[in-house]
Amino acid sequence: MQKIAAALLVAALAAVIYGLWATEQSSRAPVQRGHAAAVVAADDEMPVIDEHTLLVAQRLARYAGTPEEQTLAQAAVQAADHELDVAFAAALHYLETHPPSLSPEAQKIQQRVDEAQKALTADSESVKQLTAQLARAA
């Protein structure tokens, strides 16, 4: 009798441990996840924008049945969209203040682009001067 009771207690303990583990996994589900944010892993990496909150809000909005629920669901979608917009603006600001370093090949290309832009500016000035001279000529 004691062996049966001990086996039942061990089985119940195993079921509780499994339930805790399964509940822990579901607490990391998309609905429970944090909000959209511009996350920067390291100084040299591009910011990552998490759009998961917006996707979850849009998915859950489909389940709204009553007009009140639909209004609240639409408000949640708009809030998640605004949060995503703010995260995107933060990522853009980060990229403007921390431009990515260029590889040596990209630096050579950038140097050629800069030289071509300078040549274009000089040629544009020459065209303006020649146009002005042409207008003054009889």
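The model shown is predicted, which means the values in this text are computed figures rather than measured ones.
Going from atom CD of E83 over to atom CG of D50 covers 9.0 Å, rounded to the nearest 0.5 Å. A distance of 10.5 Å separates CD of E51 from CG of D81, quoted to the nearest 0.5 Å. Here the straight-line distance linking atom OG of S103 with atom CD of Q110 works out to 11.0 Å at 0.5 Å rounding. Once rounded to the nearest 0.5 Å, the distance linking OG1 of T97 with NE2 of H93 reads 4.5 Å.
L84 and L92 fall within the same hydrophobic cluster, defined by Ile, Leu, Val, Met, Phe, Trp and Tyr side-chain heavy atoms under 4.5 Å apart, directly or through other members.
With a 4.5 Å cut-off on side-chain heavy atoms, V77 and L54 count as touching.
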Can you give me every donor-acceptor pair (side chain of residues 65-74, partner residue at least two apart or in another chain, under 3.5 Å) with its distance?
unit_1: T66; atom_1: OG1; unit_2: E69; atom_2: N; d: 3.2
unit_1: E69; atom_1: OE1; unit_2: G65; atom_2: N; d: 2.8
unit_1: E69; atom_1: OE1; unit_2: T66; atom_2: N; d: 3.3
unit_1: T71; atom_1: OG1; unit_2: P67; atom_2: O; d: 2.9

Enumerate donor-acceptor pairs with a distance under 3.5 Å from any side-chain N or O in residues 128-137 to protein atoms, sequence neighbours excluded.
unit_1: T131; atom_1: OG1; unit_2: V127; atom_2: O; d: 2.6

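Put simply, the residue from V10, L9, I17 that forms a side chain to side chain contact (heavy atoms under 4.5 Å, CB included) with L13 is I17.
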